[in-house]
Each structure stands twice: as C-alpha cells, then as structure tokens.
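Note sheet for the following structure.
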Amino acid sequence: MSNYGHYAVVVLSVCIYGSLQLVPLPDYIHPCSELSDECFTKATLDAIPGIVQGIPEAGIPPLDPLLMDKNISMTLPGNLRMTFHNAKLVGLSSCIPDKVSSRRKKRTFVFDMHCNFTVTGEYSLRGRLLLFNLDTEGQANIKIYNQRIRLDVVERVVLNDKGEGHYKINSYKYKADYGTDLKLNLTNLIRGNPQISANVLQVLNADSQALAKDFGGPILDYAIDYAMNVTQKFFDTYTYDQISHVPLTEDFFEKE
Ligand SMILES: *[C@@H]1O[C@H](CO)[C@@H](O)[C@H](O)[C@H]1NC(C)=O
Ligand SMILES: *[C@@H]1O[C@H](CO)[C@@H](O)[C@H](O)[C@H]1NC(C)=O
Ligand SMILES: *[C@@H]1O[C@H](CO)[C@@H](O)[C@H](O)[C@H]1NC(C)=O
Ligand SMILES: *[C@@H]1O[C@H](CO)[C@@H](O)[C@H](O)[C@H]1NC(C)=O
C-alpha cells in the first residue's frame, strides 16, 4: 500500500472509532419508554430470536443449540449418580415470555416464561436403580415439554468512568414448575440387555414429574446461569440509554 493509502486508512479508522464509541444496538432490540408489562413482554419476545443467533460484537455466542462445556452431575434417589458430558441443549429459542414485569422499587425484573428443551449427550450412571446395580454409560436424550419458569433478576445501574450507565445483575433466582412432561431416553441402560433397558426406562418415564425435578433441575440451573452470564455481557456492551428509554432517577445510579 502507498503511503497515501496508508494515511487514508488511518484517518478513516480514527473517524470511525471517534464516531462509533458505542456498539450499535441490534435492530431487534426495542427499548421501552415506559415500565409496562406489555412493553417489556413484547420487547423480550422480539429480542429472543435475534439474541439466540449470538451477538459477536458483544462476545455472545449462538445460544441454540447451547454446547454445555461443563459436566452436569446429579444424585438421584437410591444414591444413583448420573453425569452428563459433551451435552447439547436445544430450545432457548423456543422460550416464550408470558409476562415480563419491572418492579422498579425493588430493582427487580420478573420473567414468567415457558420453553421446550432437548438435551442430548453422553451419560454415565452408577448406583442402584429398581433391582439393578448399574455401572454404565451411553447416549442420553431428554425432552422437556412446556417447562414453566419464573425468573427474578435483581439489577442496578452502575456508572463507568466515561459517565455511561450500565446494568449490572446483582443476583437472580428462579422457580420452575415441574408439573411438566419429560421424556428420558438412555441407551445401554442395562448393559447388553435392550429389552430390560426399555422396560426400566418405561418405569422411569411413568413418573415424569419426579423425573422432571431430578433431571430437569440441574439442567435448568446450568441453562439459566448461562443465560444470566450472557445477559450481563449484553449489559456490559450496551449502555442503559441504548437499551432503555425510561429516564433514570439519580438514586438509581451507583458509581463504580
Ligand atoms: C466429565 O465426565 C467424563 C465422563 O464421566 C470424564 O471422563 C471427564 O473427566 C469429566 N470432566 C470433568 C471436567 O470433570
Ligand atoms: C413445545 O412443544 C409442544 C409439543 O410439540 C408444542 O405444542 C408447544 O407449543 C411447544 N412450546 C413451546 C414454548 O415452544
Ligand atoms: C431411544 O433411543 C434409541 C436410540 O436412538 C431409539 O432406538 C429408541 O427408539 C428410543 N426410545 C424411545 C422410547 O424413544
Ligand atoms: C457464569 O459465569 C461465572 C463467572 O464467570 C462462571 O463461574 C460460571 O461457570 C458461568 N456459568 C456457566 C453456565 O457458564
């Protein structure tokens, strides 16, 4: 490249840097100008299909499927120890927000939603199940239908040294309604005996509520923790003024 060309590139990139200090907000994010449930619910509904594709400029990877990079272990009744690894969660894009509310005095957002999830991966299982002493591993496929979730997120707005406000998640908690349907399929449950394996699975699946609690709980813990991490990345990238058109009162800010 000639010197002149090089100079032009430098000038251009300085201009772009100077005028685009803020990462532009994706067009599927529709900020609310009022604190109504209607607006927040609609905005969440509008945002989900876009966000699950990932937002590279915010460091957010695609979320559906979500590759679970940690082993998920659970202890089931009967001292049965189960671990999932190399697991993949499909379904975050299926989540439908039924109601999203802001409780501004408590600095809390409440999300009521329902989702369908499928988890596939490898499992290992050790312990006693019905009449069998198990020490086995194979492929797992778990389908969770219409899982209802209520998620409470406590957040505040923190001013950075440039004077920009950013949301920070203080804490979150969730409640899940395990009245939903869950189907569990495990290959090689009783080693070398597909017929008995199928029978045992049938017995397990007959009490899908207990199953949903035992299996669904650790999976939801992971998925929601992941989603909260992603949400914080989103808040770190975009300022309060970008994502909300509701003016903040002074007492809402905290200096970092
Ligand atoms: C995950 O589980 C697999 C199978 O049980 C095991 O080989 C692997 O070491 C575990 N990984 C971690 C990080 O615990
Ligand atoms: C979940 O799947 C069921 C059965 O396929 C379907 O009727 C329902 O609409 C789905 N729910 C969501 C939230 O995608
Ligand atoms: C469980 O998965 C295996 C292997 O993918 C399949 O052959 C079998 O039909 C499934 N069983 C049920 C009850 O879905
Ligand atoms: C969320 O972030 C925390 C802190 O960085 C980390 O310890 C945790 O493993 C993350 N959760 C998931 C599900 O990746």
Side-chain angles (χ1 to χ4, degrees), residues 52 61-96 111-153 171-230:
V52 295
L63 305 177
D64 198 358
L66 182 66
L67 304 175
M68 301 165 94
D69 59 3
K70 272 182 268 169
N71 284 359
I72 298 191
S73 293
M74 48 195 91
T75 304
L76 305 168
N79 248 336
L80 204 57
R81 184 99 183 131
M82 180 152 201
T83 302
F84 291 112
H85 46 108
N86 294 330
K88 196 171 79 175
L89 175 78
V90 172
L92 281 174
S93 61
S94 80
C95 292
I96 296 177
F111 296 85
D112 281 304
M113 59 197 161
H114 65 286
C115 315
N116 283 337
F117 292 120
T118 303
V119 181
T120 53
E122 294 157 35
Y123 79 91
S124 56
L125 187 57
R126 265 166 207 80
R128 196 163 171 82
L129 175 67
L130 305 177
L131 300 170
F132 306 94
N133 278 315
L134 300 181
D135 181 356
T136 188
E137 54 202 30
Q139 298 293 320
N141 182 315
I142 303 173
K143 289 198 166 73
I144 306 173
Y145 296 100
N146 282 323
Q147 174 69 63
R148 296 198 169 270
I149 300 165
R150 164 168 287 191
L151 175 64
D152 282 39
V153 184
S171 62
Y172 71 86
K173 59 176 198 264
Y174 81 90
K175 266 195 311 218
D177 159 19
Y178 295 111
T180 45
D181 202 13
L182 183 145
K183 284 268 170 295
L184 175 67
N185 192 355
L186 304 170
T187 66
N188 200 36
L189 184 55
I190 313 293
R191 286 182 189 275
N193 201 328
Q195 190 51 53
I196 296 180
S197 297
N199 293 344
V200 171
L201 272 177
Q202 208 168 16
V203 171
L204 284 177
N205 278 305
D207 189 358
S208 71
Q209 212 156 320
L211 212 55
K213 193 163 189 149
D214 294 338
F215 286 87
I219 292 167
L220 284 186
D221 285 348
Y222 183 97
I224 291 175
D225 196 49
Y226 196 97
M228 289 295 96
N229 284 358
V230 161

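When each of Asn146, Ile142, Leu220 is checked for a side chain to side chain contact (heavy atoms under 4.5 Å, CB included) with Phe117, only Leu220 meets the rule.
Looking only at side-chain heavy atoms (C-beta outward), Thr118 and Asn141 come within less than 4.5 Å of each other. Residues Met68 and Lys88 are not in side-chain contact: their nearest non-hydrogen atoms beyond the backbone lie 4.5 Å or more apart. When side chains are defined from C-beta on, Asp177 does not count as touching His114, because their heavy atoms never get closer than 4.5 Å. A 4.5 Å side-chain heavy-atom check between Phe111 and Tyr172 finds every atom pair outside the cut-off. Contact annotation: the side chain of Asp69 approaches that of Tyr222 to within less than 4.5 Å [non-hydrogen atoms, C-beta and beyond].
A donor-acceptor pair under 3.5 Å is absent between the side-chain atoms of Thr136 and the main chain of Arg191, judged by distance alone. Side chain of Asn205 to backbone of Leu184: a donor-acceptor contact under 3.5 angstrom is found. No donor-acceptor pair closer than 3.5 Å links the side chain of Thr187 to the backbone N or O of Gly138.
Counting all heavy atoms, side chain and backbone alike, Ser73 lies closest to Pro218 at O-CB, 4.5 Å. The nearest pair of heavy atoms linking Leu92 to Asp64 is N-OD2, 3.4 Å. The nearest pair of heavy atoms linking Leu89 to Ile219 is CD1-CG2, 4.0 Å. Here the closest non-hydrogen pair linking Gly127 and Leu80 is C-CD1, 3.4 Å. Taking every heavy atom of both residues into account, Leu182 and Ala212 meet most closely at CD1-CA, 3.5 Å. Heavy-atom minimum distance, Leu63 versus Tyr226: CD2-CE2, 3.7 Å.
A distance of 11.5 Å separates CE in Met82 from OG1 in Thr75, rounded to the nearest 0.5 Å. Between the OG atom of Ser197 and the CG atom of Leu134 there is a distance of 9.0 Å, given to the nearest 0.5 Å. The distance from atom CD of Glu137 to atom CG of Leu125, rounded to the nearest 0.5 Å, is 10.5 Å. To the nearest 0.5 angstrom, Leu204 atom CG is 6.0 Å from Leu130 atom CG. Distance CG/Leu151 to NZ/Lys173: 10.0 Å, rounded to 0.5 Å. Summarising the geometry, atom CD belonging to Gln147 is positioned 10.0 Å from atom CE belonging to Met113; distances are rounded to the nearest 0.5 Å.
Annotation: Lys143, atom NZ; neighbour count of heavy atoms from other residues, nucleotides and ligands within 6.0 Å does not exceed 12. Sparse packing is recorded around CG of Asn79, with 12 or fewer heavy atoms of other residues, nucleotides or ligands lying under 6.0 Å away.
In this structure, a donor-acceptor pair under 3.5 Å is absent between the side chains of Tyr123 and Asn188.
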